[in-house]
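Remember, predicted model here, so these are calculated numbers, not experimental data.
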Amino acid sequence: MNSQKTVYREDYLPYPYSIQNVSLYFKLDPKCTTVTNTMQVKLKDENDSIVPLVLNGVDLDIKSLKINHVEFNDYKYEHELLTLIPPAKEFTIEIVNSCNPKDNSALMGLYISGESFFTQCEAEGFRRITFYPDRPDVMSEFRVTIDASKEKYPHILSNGNLIESLDLEDGMHRAIWHDPFLKPCYLFALVGGQFDLLEDHIETKSGRKVLLQIYSDPGSKSQTKWAMESLKNAIKWDEERFGLELDLERFMIVAARDFNMGAMENKGLNIFNAMYVLASPETATDANYQGIEGVVGHEYFHNWTGNRVTCRDWFQLSLKEGLTVFRDQEFSADMMAKGLENEEAESARAVNRIQDVINLRAIQFAEDEGPMAHPIRPQSYQEIANFYTSTVYEKGAEVIRMQHTLLGEEDFQAGMREYFRRHDGQAVTCDDFVNAMESIYSLKNPGRNLDIFRRWYSQAGTPTVDVSIAYSPETNVAQVTLSQSCPNVGVEKMKADYKKEPFHIPFKIGFINEYGATIKAEPISNDYNSAITEYEPNSFILDLHQETQTWSFTNVSSKPIPSLLRDFSAPVKVKYSYTKNELITLATKDTNPFVRWESAQTLAINEILAITISPEKIVDADVIRVWQLNISDTNISDAYKALLLQVPGLKLLSQMQSPINPQNLVRASKKFSRELATILEGLFFALYSKLNENLTYVLDAKNYGVRALKNTCLNFLLNQESDKHLNLANDQYLNANNMTDRYAALSSLVKYHPDHELTKTFLNHFYHQFENDQLVIDKWFALQAMYASNMDAINALIAHPQFNLSNPNRARSLIFQFSMNNMELFHSKDGLGYEFFTKYLLEIDSKNPEVAARYARIMDNWSKYDEPYRGLMKAQLDKISAQDKLSPNVIEIISKASSIE
């Protein structure tokens with residue numbers, strides 16, 4: 001099936017020509033948009049003789065081609081490449097072509113959403129608009145002229161600064177835009193349509209007044225206020241934390257209903273999925289608000305880490321994405337801690353950190369174990385769109401975070417300044433970033449470098465760190481030994497005699513005693529191989545960079561309980577033989593919020609896995625006591641307490657079981673949760689009642705926490721065999737003044753009482769109340785997809801008049817949510833869930849290969865399942881592989897998955 005060409009990083013060659021500037025003229029028409037592309041081209045000095053000019057172009061109709069204003073017909077356009085031999089080393093080329101935005105269901109290039117024009121050019125969409133060397137290392141200055149009907153498309157936008165706007169004859173108008181900064185074509189953007197417009201201004205640190213604009217569907221202006229506030233916060237934060245200033249006269253955000261991704265950082269004109277722009281208390285949950293803040297921050301931060309300095313080639317994708325995810329995580333944490341003091345601020349930051357880790361483990365750790373496993377800088381690819389992965393983004397952010405840990409905040413910022421000093425306005429590599437960081441690291445740590453650390457960029461997989469502790473009560477000395485290992489994964493398995501080298505892992509550790517008190521240990525040795533950095537009082541960074549290393553501590557007054565991988569200082573798994581009592585101590589008393597949460601999760605995981613083996617097992621009373629103590633702890637924040645009380649998710653649990661038996665996992669998890677809910681019912685009820693007294697809606701970290709904890713309690717209370725607490729859900733749903741509380745009440749009803757009349761009534765009420773708000777209706781579809789108990793219910797949702805497979809958000813709300821998050825039904829033993837997967841994968845692929853490829857990833861780890869699931873999934877993969885018309889995107893995913901046994 002898979003005959004695609006593989007692209008290798010080692011084969012990179014610079015583009016032989018520079019495109020000194022680009023002038024684009026668009027005449028917008030839904031069925032036939034005409035593009036006139038005029039480029040000033042020059043052969044680079046290192047080339048002695050003229051070589052062919054090769055331009056990318058997909059599904060374009062050439063109207064004319066001129067060189068130096070003279071018609072030129074000696075070219076070839078085949079296999080999506082336009083090739084010609086230029087008459088000179090420096091010349092002007094003008095190409096007139098047309099494209100069809102209306103029929104562009106792939107939503108790449110120029111397309112129509114509703115009645116408006118949008119573009120998406122990353123990674124390789126610009127070639128669907130006009131002919132160009134569609135690669136990130138070709139950077140040019142763009143000037144864009146757009147003509148369109150003023151009545152139909154009153155707003156016509158592109159990158160940079162607006163130079164001129166004027167009316168033309170026959171109801172047309174024109175806008176001319178100029179971006180003064182060099183950029184690759186993947187950052188090009190164009191928008192045309194009718195929109196509401198929210199405007200504001202902000203003064204930068206240098207005193208410039210900048211115009212901020214958010215465009216959205218007519219009637220939605222009031223829902224863009226939070227996005228505007230988030231944008232202003234992001235601009236100020238980047239100035240204060242990183243010293244980076246907005247460099248244009250204006251910054252625009254446009255909300256699109258049909259969009260493949262979350263958002264796109266096009267220079268000065270960010271195009272967003274509407275779900276990351278529109279919010280009001282009545283329609284958006286706290287998680288939606290936090291998501292908008294994070295994504296707005298992420299795309300704005302790309303202005304420097306991605307736009308001003310961009311990627312040399314797509315293998316370097318994590319250069320911009322991993323770094324920018326790290327920045328948006330830090331922004332979100334700082335915003336969550338804003339206005340809080342000391343311990344409260346640290347707790348708020350810890351909550352953000354734990355949520356990031358939950359996401360990383362659920363998705364990226366699984367990816368590291370599957371057929372698509374790759375380093376954060378891949379060595380090869382067939383379709384670059386398939387490498388917009390959690391590994392590149394979230395693990396990439398962890399690799400940046402480790403450099404931050406090794407250098408510290410002050411030196412990391414010095415490294416960032418050096419990075420921009422060296423590379424502003426360039427297309428560079430991951431090595432260039434590490435080199436800048438290393439210049440500061442080596443200066444402050446003579447004799448050390450980041451050579452071993454660079455292996456994070458070239459080696460795939462999740463390392464495991466084995467920990468052993470040797471303690472001598474006679475000398476009060478504890479020796480800590482760390483050993484690391486990482487199996488070959490993904491393409492590494494295909495390399496004969498391939499063996500990974502050790503990673504450089506900053507491993508954060510502390511010690512407590514059996515009563516939970518901190519042990520104030522002191523490091524003994526400090527040569528490079530046993531170096532210990534005191535990261536903060538009583539927390540130490542062990543600099544693991546060999547297969548096995550040992551560190552020694554004195555002043556260890558009693559047998560220590562190690563507090564391991566504090567703050568999740570590296571993206572690794574940890575193996576240590578904790579006793580149950582040690583885990584209980586850590587889960588109730590450790591001062592490090594991550595380790596305390598992690599220890600509670602470990603206790604729960606151990607119990608749930610034990611129940612899968614012995615279904616009649618009663619949940620350990622000591623484990624239930626941990627939940628009891630944490631519910632009653634008045635010294636921790638509500639947001640953190642809500643996390644402590646969470647039951648581990650099924651995605652994480654499935655990584656802990658081999659082979660995976662989804663039905664057993666679901667039953668065991670339900671039993672564990674039900675017993676917690678039943679035994680601690682009184683505590684949950686008392687806490688819920690207390691938190692439910694103040695119903696004032698405030699959008700800040702403290703109130704996020706109140707609502708999160710209140711709704712966690714409600715979730716446990718409704719997890720009862722009886723209907724005794726349905727009145728709580730009834731009252732909360734009817735009286736809620738915000739979507740967070742209303743949706744939480746409805747979710748608990750759908751999850752635990754799906755057939756009750758109250759649930760049916762509220763589902764119907766919810767739909768009719770919000771049927772004209774597509775983002776809220778996405779929630780309605782998603783909720784039912786996650787908890788449906790039979791395929792008839794799923795098929796009824798598919799047949800609903802509001803379901804639209806062509807809209808990525810709607811497809812994700814139903815098709816993806818069912819397949820990814822309804823483990824019990826999707827993995828039913830009759831195989832109907834897998835047949836559903838095949839049917840809709842093929843349908844989506846015929847419309848939108850990029851969305852289809854993401855859906856195809858659901859089957860990545862089929863080989864890890866128990867029978868009959870494994871065999872049933874493999875049969876569907878074989879059926880898909882036998883199809884004649886699969887997109888290259890899906891072919892790569894399915895062929896790699898099918899090759900695993």
Is it true that [Y] and [X] share a donor-acceptor pair across their side chains at a distance under 3.5 Å?
X: Asn359; Y: Gln364; answer: no
X: Asn664; Y: Thr612; answer: no
X: Asn630; Y: Arg596; answer: yes
X: Ser390; Y: Glu394; answer: yes
X: Gln774; Y: Arg810; answer: yes
X: Thr740; Y: Asp286; answer: yes
X: Asp845; Y: Ser887; answer: yes
X: Asp830; Y: Ser828; answer: yes

Strictly below 4.0 Å, N to O, side chains only: are [X] and [Y] in salt-bridge contact?
X: Glu681; Y: Lys724; answer: yes
X: Glu835; Y: Lys839; answer: no
X: Glu892; Y: Lys896; answer: yes
X: Arg857; Y: Glu367; answer: yes

Worksheet item: Would a 4.5 Å heavy-atom cut-off, applied to side chains only, mark Arg674 and Glu721 as touching?
Response: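 Arg674 reaches Glu721 side chain to side chain.
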
Practice prompt. Check Arg667, Lys829, Lys751, Lys670 against Glu824 for a salt bridge (Lys or Arg N to Asp or Glu O under 4.0 Å) and give me the one that passes.
Written response: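 It is Lys670, the one option of Arg667, Lys829, Lys751, Lys670 that forms the salt bridge (Lys or Arg N to Asp or Glu O under 4.0 Å) with Glu824.
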
Discussion item. Please determine whether the number of non-hydrogen atoms from other residues, nucleotides or ligands lying under 6.0 Å from atom NZ of Lys885 exceeds 12.
Written reply: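 Counting neighbours around NZ of Lys885, 12 or fewer heavy atoms of other residues, nucleotides or ligands fall under 6.0 Å, so no.
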
Discussion item. Please check if the number of heavy atoms outside Lys760 that lie under 6.0 Å from its NZ is greater than 12.
Written reply: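 Check passes, neighbour count above 12.
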
Validation row, ring centre [X] to ring centre [Y] under 6.0 Å:
X: Phe685; Y: His725; answer: yes
X: Tyr840; Y: Tyr855; answer: no
X: Tyr752; Y: Tyr787; answer: no

Worksheet item: Step by step, would you call Tyr834 with Tyr869 a ring-ring contact (aromatic ring centres under 6.0 Å, His included)?
Response: CA-CA 9 Å; Tyr834 307 147; Tyr869 316 102; 7.2 Å; no

Worksheet item: Looking only at heavy atoms, which two atoms of Leu650 and Ser669 are closest? And how far apart?
Response: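 Answer, listing the atom of Leu650 first, then Ser669: CD2-CB, 4.0 Å.
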
Discussion item. Between Asn807 and Phe259, is the side-chain contact (heavy atoms from CB on, under 4.5 Å) condition met? List the steps.
Written reply: CA-CA 8 Å; Asn807 176 261; Phe259 202 72; over 6 Å; no

Worksheet item: Run the ring-ring contact (aromatic ring centres under 6.0 Å, His included) check on His768 and Trp780 step by step: do they pass?
Response: CA-CA 11 Å; His768 287 292; Trp780 183 81; 8.9 Å; no

Just by distance, do the side chain of [X] and the backbone of [Y] share a donor-acceptor pair under 3.5 Å?
X: Asn288; Y: Thr285; value: yes
X: Glu607; Y: Asp620; value: yes
X: Asn822; Y: Ala785; value: yes
X: Lys575; Y: Val467; value: no
X: Lys671; Y: Pro615; value: yes

Could you label the plane-to-plane angle of the [X] and [Y] rings as parallel, tilted or perpendicular, counting under 30° as parallel and over 60° as perpendicular?
X: Phe716; Y: Phe684; answer: parallel
X: Phe826; Y: Phe818; answer: perpendicular
X: Phe766; Y: Tyr733; answer: tilted

Item to complete: Begin from the C-alpha positions of His765 and Phe770 and carry the test ring-ring contact (aromatic ring centres under 6.0 Å, His included) through to its verdict.
Response: CA-CA 9 Å; His765 176 272; Phe770 297 107; 8.0 Å; no

